[in-house]
Structure formats: structure tokens, C-alpha cells
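In the text below, chain A, chain B and the rest are named by the order of the sequence lines, each starting its count at 1.
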Amino acid sequence: TQLLEQSPQFLSIQEGENLTVYCNSSSVFSSLQWYRQEPGEGPVLLVTVVTGGEVKKLKRLTFQFGDARKDSSLHITAAQPGDTGLYLCAGAHGGSEKLVFGKGTKLTVNP
Amino acid sequence: KAGVTQTPRYLIKTRGQQVTLSCSPISGHRSVSWYQQTPGQGLQFLFEYFSETQRNKGNFPGRFSGRQFSNSRSEMNVSTLELGDSALYLCASSLLAGEYNEQFFGPGTRLTVL
């Protein structure tokens, strides 16, 4: 059962464009994390959101947690080739529970 | 502080063989989780160890097993390898049973089964 649905699966854009990727679920999560993975490497944690409606910014990246804590979005402003990678969301139901990962959005930013 | 290390980085085996992968967590981290990543299924949780005890387990057959040592280092073993076991195996550590279970991943072991 895929509990976290990410969309789109693939995204190819030009440098300078804006984009949004989504992470949706029917389950409520106590926290939601976003990771970025580059080819041949493990995922790297970008941010954790824990409060419904929370918005966090990391330079050109803006993360939002839905009010009901069932969904999240990642918005990138003025994308750069260095943003290329696989973006993964992961939900936790509690500190001692396993993380549930979405299948990811593969982003390619062309120069 | 050194990150999570995994050895070996690449491995080629044949069907029916067994394999052992190793993971050293970040110093001070007591929880180690293992994941299998494939293009079709994405990241799938295998199991988690905390203080040498398996705390959570995913939906994988018994051919997949693991353990954790007193220094928090962990190994996973796959017996009777199948072609479908070809994947990137990722190990992740976290500080403790914290509220958010934030994972710090190693670079992975790329296993190819021929």
C-alpha cells in the first residue's frame, strides 16, 4: 500500500523557472520530512515540518505542511541545475514508528 | 562528525549466494534503519534496530535479516539471493527515539544479482 503519493513523478524544466511538487496522503502524520537524493548517493534531509499549516523556507525552497497534516508541498523558485535530483517526502506517525516514503519526484533542471 | 558509512559500495553476486552488508552510524546515533531502493518500488523499509534490538520490521521475506552490535554498527544479510534483490541498499541512522525520527543516510551499497 502506497501511503504517500508524490506528483509529478518526473519534471524537466529550464533554469530560472519555478516549480511545485506535491506529497499527498489519506493518513495524518505527526511530522513530514523532505529529502533530496542525487545519483549514486543516499537521500539528504532538507527539512522537517511538524505543525499543520507550517511553512519553512530554505533559501529558494519553500515547504508547506497541510492544515490537516495529510499533505505537503515543496516550491522551488528560480530553479538552478544544482537543484536536479530525486525529491522524496517521508511521513512519520511518531518517533518510534518507521518512516513511510513516497516514490519521489525526479527533477531535472536544464541550463 | 563523520557521516554514515556503508561497505562495500558495490557488490556483484549470483543467484543463490548470500551477502552481508555493513553500516556504521553517526557517532552517538543508536537507531539504524535499512531500506531497499529500486526504480519501480522506491524506498522500502526493511527493518530498524535500536540498542541492539529490532524495533520495527517491513514486509520482506525471512531471507532478509539484520543485527546491531553494542557499538551501534549494523549488518544486514540476504540469503539465497534472487534476481529481484538487485537494488540500492541504504542504511540510515538517527539520534534516538526522537519525536521526528529524522534519518541520516549513508551512500548505499549497490547490489547486483546475476
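- Residues A:R69 and A:F29 fail the side-chain proximity criterion, which asks for heavy atoms closer than 4.5 Å.
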Taking it one step at a time, do A:W34 and A:L88 satisfy side-chain contact (heavy atoms from CB on, under 4.5 Å)?
CA-CA 6 Å; A:W34 285 92; A:L88 295 158; over 6 Å; no
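- Listed by sequence position, B:G106, B:P107 are the residues of residues 106-114 of chain B in contact with chain A, using a 4.5 angstrom heavy-atom cutoff.
- Side-chain contact annotation: A:N24 with A:S7, donor-acceptor N/O pair under 3.5 Å absent.
- Identified under the disulfide bond (SG atoms under 2.5 Å apart) test for residues 13-79 of chain B, with sequence neighbours left out: B:C23-B:C91.
- Here the side chains of B:Q103 and A:L99 are in contact, with some heavy-atom distance below 4.5 Å.
- Looking at B:Q44, there are no atoms closer than 4.5 Å to chain A (heavy atoms on both sides), in backbone or side chain.
- Of the atoms belonging to B:F47, not a single heavy atom falls under 4.5 Å from chain A.
- Looking at heavy atoms from C-beta onward, B:N56 lies in side-chain contact with B:F45 at the 4.5 angstrom threshold.
- Counting only distance, with no hydrogens or angles, the side chain of A:E15 and the backbone of A:P111 share no donor-acceptor pair below 3.5 Å.
- Within residues 75-90 of chain B, the residues approaching chain A closer than 4.5 Å by heavy atoms are, in numerical order, B:L88, B:L90.
- Between the side chains of B:S24 and B:R73, no donor-acceptor pair is found at a separation under 3.5 Å.
- Judged purely by atom type and a 3.5 angstrom limit, A:E54 uses its side chain to pair as donor or acceptor with the backbone of A:V50.
- With 3.5 Å as the limit, one finds a donor-acceptor pair spanning the side chains of B:H29 and B:S93.
- Remark: the backbone N or O of A:S27 is paired with a side-chain donor or acceptor of A:S25 at under 3.5 angstrom.
- A donor-acceptor pair under 3.5 Å is absent between the side-chain atoms of A:K56 and the main chain of A:Q64, judged by distance alone.
- No hydrogens or angles considered: nothing links the side chains of B:E52 and B:S70 as a donor-acceptor pair under 3.5 Å.
- Heavy-atom distances place no part of A:L32 under 4.5 Å from chain B, backbone and side chain included.
- Checking A:Y35 against A:Q33 by side-chain atom types alone, a donor-acceptor pair falls below 3.5 Å.
- Proximity to chain A among residues 4-21 of chain B is limited to B:R9, judged by heavy-atom separations below 4.5 angstrom.
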